[in-house]
Amino acid sequence: MSSMTAHNTETVTQSSEDHTLSLPIRAQDLADLLEAQLIGNPDLPLSNIGSIEDGCPETLTFIRSQNFATHWPDSKCRVALVSQGIDVPGHDPDTRALIIVKDADEALVMILNAVNPKRKRPPAGIHPSAVIDPTATIDPTAAIGPGCSIGARASIGARAVLMPNVTIGANASIGQQTILEPGVVIEDRCSVGDRCHFGANCVVGTDGFGFLPPTDDRPAIKVPQIGIVEIGNDVEMGACVTVDRAKLGATTIGDRTKIDNQVHVAHNCVIGTDTLICGRTTLGGSVTIGDFAMIGGAVVLNDQSSVGKHARVAGGAVILDSVPDGETYAGIPGMPARQALLNYASFRELSTFSRQVEKRLKKLEAAQQHNNQHDA
Amino acid sequence: MSSMTAHNTETVTQSSEDHTLSLPIRAQDLADLLEAQLIGNPDLPLSNIGSIEDGCPETLTFIRSQNFATHWPDSKCRVALVSQGIDVPGHDPDTRALIIVKDADEALVMILNAVNPKRKRPPAGIHPSAVIDPTATIDPTAAIGPGCSIGARASIGARAVLMPNVTIGANASIGQQTILEPGVVIEDRCSVGDRCHFGANCVVGTDGFGFLPPTDDRPAIKVPQIGIVEIGNDVEMGACVTVDRAKLGATTIGDRTKIDNQVHVAHNCVIGTDTLICGRTTLGGSVTIGDFAMIGGAVVLNDQSSVGKHARVAGGAVILDSVPDGETYAGIPGMPARQALLNYASFRELSTFSRQVEKRLKKLEAAQQHNNQHDA
Amino acid sequence: MSSMTAHNTETVTQSSEDHTLSLPIRAQDLADLLEAQLIGNPDLPLSNIGSIEDGCPETLTFIRSQNFATHWPDSKCRVALVSQGIDVPGHDPDTRALIIVKDADEALVMILNAVNPKRKRPPAGIHPSAVIDPTATIDPTAAIGPGCSIGARASIGARAVLMPNVTIGANASIGQQTILEPGVVIEDRCSVGDRCHFGANCVVGTDGFGFLPPTDDRPAIKVPQIGIVEIGNDVEMGACVTVDRAKLGATTIGDRTKIDNQVHVAHNCVIGTDTLICGRTTLGGSVTIGDFAMIGGAVVLNDQSSVGKHARVAGGAVILDSVPDGETYAGIPGMPARQALLNYASFRELSTFSRQVEKRLKKLEAAQQHNNQHDA
């Protein structure tokens, strides 16, 4: 879900108040900051962060696996974070440095957080151009940006941030420290937990797509969607995600679940805690997803289908019924990943295979024919 | 398209002015309201609505088919709407009640409408923060929310509602009682009929994706998209739906058609009346869809493809050419559903099948070989 | 990518100031305007533009290939643009007219541009309701619409147009003559080149979807996405397109690339120049696309996959690894188009094929069995 390409270095040129650690930094100083052991030259300067293939001499890189270690001798980088226990052959301590940490990925995240130029957020308080219903409850430490609208009896928690042009419906509630990017819409009666982050133009609480289909006698009849959406704490959603309210009860998204851009969550879905759902995935009506599930991009989960706890679904799969707990599914229609791999390998050859089988059968049948006559 | 899950009950706790019927209600009173016959205990209280599996004693449930009826003896619910003609075995009229209606689904819709807490809408009139071109025509009964922009010569019909931050382009027209949720954009010269409802952040009237592809001699050339979008009456669209204007003429969506979230309608599509299009479906350029068609979710309709009247397309299908009137298609590429079902069943076994066929052919060929020598 | 359907004619009824050429126009006058030769009746009036099948007597149509020419005798149209070198049989110069041009498509584009009713744009200057950070730099010739927010140290180039409710983040830059439709969001530190056009509700600069997956010991850890998005000149994007910022470095989109509605571009993608990407296509993380590539609609490009220069990908394909330069791929999984075509043709018959093969094998095996006994 996260990866590296060419041009993958970052010279951080923000003014110091933008972050808590500023580059360039001396290798030993970084090691001290991480309370980590440094093997090699302590004085090497680091001005950016990047991958072992693409870095330059002042790039801090990372060795998260034995495989990364094999690239070290040829890397232009001179300083690397190394997960302890990984053996790094061909290291020259005079000209280069290894910083040994418990987990290179987590150490890198710590550093990225430190150098991360924080997004600019509006200050606490309500921008004069925002339109707030007198019955709404806004914590004084919340920041309500320009052009926001907040409906009757809605509540906004402490240190929550609404970027410009966010709309909050009547009786909706937004938890503490939750950040809603520009253009987000949270519709009436929906609730969002604490420390959530929703990308720009997300829409939460649209009516579910429920109709009695049209007949010859009457047009389609809308089934009122009187339910809500309930979103837990620490949930992250990308841009243009849509989450429908339930027909009855609630469409629910569990704590710590992360949802990528343009995912569609239909009415009455029940998504567990700690799940990861990649970009463009479609959840039909009443889909259930278990805790700790991981779902790839552009997946289609059919109405009423389910994905079990700790289950995984490969990108592009179409799940018609259910993925058992802990299983990995792939393919169209979804099936156990190993089976899908074999079937798709056969599919790549299907036309050739069919032609050859036909040929060989004909030949055998002709010979058979000949035998019969010969026997007669 | 509409369905039930666990947690599927709704205790309606709105203040009475939010709706026209408030729960709890006595079973007989509800029957009287529906002018329906009650068989059983008239005094049972109903405080919510839910499914026959998940309800509690105060849940009103529904029996829409004989299959639902089989769950009645084991259901915790004590009161059910029953479509007339359905036989409900094991009913105890002393402790429970059946309310016999012509159609349980339609009766439920009537009740849901009655208990539905209406969305809060801005009052009639133009919010001071809205920006209206002096040449625009706004019916005095229309409600124009904060942050809306309405262009030159645009017209907004009676009792239409524009929620916050809606943008209406020049020469665009919005019909009577049409509701546009926050962030909707209707671009220049496009027209929307009466009683439509568009979800938040929908965009109608983007340029179609028309370019003369780049050559070695020159870059891509944009083909001006000078057409419009014409949307009929009673059309519903979900959130983040995009509808492109035509290159020439109009992209059209017929009366009473319902379109779910994140559907993409490319330029020059012609969608009939009374069609249902589920979430995430993609219509390429110049696709035509006949009246009363039903299209599942995440379907791809190729450029110039067509779906006939009363035809159906299963979710996830990719239609390359055309689906005849009244037919049901499924699969990739789209084919008659029955054929698709059989082919996908075979596909699930393709690798095993290929291996075994190879083995059996080899064996037959070896034996054949042996026979030939033996004959010689 | 651009096409024709029924109703495909446009009577241009704009007031003259909307465009530079107004219809009706006399055939010879149009030919003169194009500096082209007219063969036939110079006095025929043209009031609209349309296809050779659907036009009426006053429709200007076009003959871009020999195949179009075969429709000329039966067409209701009386005047056609013809690419030079195309032979048009059955032309009656007394009642009809052919206007011979170098390239009918390019001539049509020239005419469409001339008759195109220009979109209404806000005037140069900053609307009073826009909220501009004092440290932002706005060119005096730029037009900043109502409800726009522009962040600290952001810059907006000459004659750029921000339609209503656009949000520009801190340190972001927008080039000259770039047009951002309503609701577009460009997040902090992202840069957009000159003469770009982004559709309504596009979002550029969302965080990439990067997390260290949750373990039994700890929840998912967000990997800070400290990179940016860099978009070149003359780039066009449709509505509701999302482009994620890079984890490190930049997600880049090259000059003159055109991207259709609802495309999702994940973090660290590197898209070349002059590419065309159709609606609903999904780019996973770190996807690379070469110059002049053409990608169909609803395509899925897997994380780290690549599409070569001048390569093509058919609509609906799922690319797992790479498409070589100049190749055309199709299918799921993506493979050379010709191979995909053959395999899908076989797939349509797979169930029947499997059944028949089974039957023929059984018969051969039975006969074989019999032979063996007979030999014994």
Side-chain angles (χ1 to χ4, degrees), chain A residues 129 131 147 149 151-152 165 167 169-170 183 185 188-189 201 203 206 208-214 219-224 226-227 240 242 244 247-250 252 262 264 266 268 270 282 284-286 288 300 302-304 318 332-333 335 342-343 345-347 353 357 360 364 367 371 374, chain B residues 1-10 12 49-50 105-106 109 112-113 115-117 119-120 129 145-147 163-165 181-183 199-201 236 238-240 256 258 260-262 274 276 278-280 292 294 297-298 315-316 332 344 347-348 350-351 354 357 361 364-365 368 371 375:
Chain A
S129 67
V131 177
S149 287
N165 302 322
T167 303
V185 178
D188 295 26
R189 299 187 294 121
N201 293 335
V203 181
T206 324
F209 195 66
F211 297 90
L212 307 182
I221 295 175
K222 179 175 176 62
V223 177
I226 73 175
C240 297
T242 58
D244 283 352
K247 174 188 177 183
L248 297 164
T252 60
Q262 295 194 37
H264 166 50
N268 294 98
V270 177
T282 304
S286 300
T288 60
V300 177
N302 200 26
D303 287 2
Q304 273 96 18
V318 174
I332 305 174
M335 61 189 86
L342 292 168
N343 287 334
S346 303
F347 175 69
F353 172 74
V357 166
R360 291 164 71 182
L364 285 159
N371 280 351
H374 176 279
Chain B
M1 256 145 300
S2 136
S3 50
M4 288 295 197
T5 58
H7 316 96
N8 234 344
T9 64
E10 177 76 348
V12 179
I49 301 164
D105 285 323
E106 295 188 19
V109 166
L112 288 173
N113 274 317
V115 300
N116 187 5
R119 304 277 183 98
K120 291 272 165 299
S129 67
M163 296 297 283
N165 302 322
E181 297 290 356
N201 293 335
E236 182 155 339
C240 296
R256 297 176 300 283
K258 316 298 182 188
D260 197 2
N261 297 3
Q262 295 193 39
D274 301 287
L276 298 177
C278 294
R280 249 338 196 342
F292 292 92
M294 287 177 58
I332 304 174
Y344 278 105
F347 175 69
R348 282 177 180 277
L350 182 57
S351 166
S354 307
V357 166
L361 282 171
L364 285 160
E365 286 158 345
Q368 186 60 55
N371 280 351
D375 295 353

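The sequence lines fix the lettering, A, B, ..., with proteins before strands; numbering per chain opens at 1. The structure displayed is predicted, hence computed values, not measured ones.
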Novice: Please identify, among B:Ala298, B:Gly145, B:Pro146, the residue contributing the most non-hydrogen atom pairs under 4.5 Å to chain A.
Specialist: B:Pro146
Novice: Which one wins on heavy-atom pair count under 4.5 Å against chain A: B:Glu106, B:Glu181, B:Arg256?
Specialist: B:Glu106
Novice: Does any heavy atom of chain B fall under 4.5 Å from the side chain of A:Thr242, the backbone, both, or neither of them?
Specialist: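 The answer is both parts of A:Thr242.
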Novice: Taking A:Cys240's backbone N and O only, do any of them form a donor-acceptor pair with B:Asn201's side chain (distance below 3.5 Å, no angle check)?
Specialist: no
Novice: Ignoring hydrogens and geometry, is there a side-chain-to-backbone donor-acceptor pair from B:Ser129 to B:Gly147 under 3.5 Å?
Specialist: yes
Novice: Heavy-atom cut-off 4.5 Å, strictly under: side chain, backbone, both or neither for B:Gln368 against chain A?
Specialist: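 Looking at B:Gln368, just its side chain touches chain A.
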Novice: May I ask you to decide if A:Ser286's main-chain N or O and A:Asn268's side chain share a donor-acceptor pair within less than 3.5 Å?
Specialist: no
Novice: Where on B:Phe292 is there a heavy atom nearer than 4.5 Å to chain A: the side chain, the backbone, both, or neither?
Specialist: side chain
Novice: Does the A:Asp303 side chain pair with the main chain of A:Gly285, one donor and one acceptor, at a distance under 3.5 Å?
Specialist: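 Yes; judged by distance alone, with no hydrogens or angles, the pair exists.
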Novice: For A:Ser149, which atoms come within 4.5 Å of any heavy atom of chain B: side chain, backbone, both, or neither?
Specialist: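 Side chain only.
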Novice: Between A:Val300 and chain B, which part of the residue has a heavy atom less than 4.5 Å away: side chain, backbone, both or neither?
Specialist: side chain
Novice: Tell me, for B:Ala200 versus chain A, whether the close heavy atoms (under 4.5 Å) come from the side chain, the backbone, both or neither.
Specialist: both
Novice: Hey, does the side chain of B:Asn165 reach the backbone of B:Gly183 with a donor-acceptor pair shorter than 3.5 angstrom?
Specialist: no
Novice: Is B:Asp105 in contact with chain A via its backbone, its side chain, both, or neither, using a 4.5 Å heavy-atom distance?
Specialist: both
Novice: What residues, two or more places apart in sequence or in another chain, satisfy ring-ring contact (aromatic ring centres under 6.0 Å, His included) together with A:Phe353?
Specialist: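 Scan of A:Phe353 (ring-ring contact (aromatic ring centres under 6.0 Å, His included), adjacent residues dropped) gives none.
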Novice: Counting N and O atoms only, with roles assigned by atom type, does the side chain of B:Asn116 sit under 3.5 Å from a partner on the main chain of B:Leu112, one being a donor and the other an acceptor?
Specialist: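 Such a contact is absent between B:Asn116 side chain and B:Leu112 backbone.
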Novice: Checking heavy atoms, do the side chain of B:Val357, its backbone, both or neither come under 4.5 Å from chain A?
Specialist: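 Just its side chain gets close to chain A.
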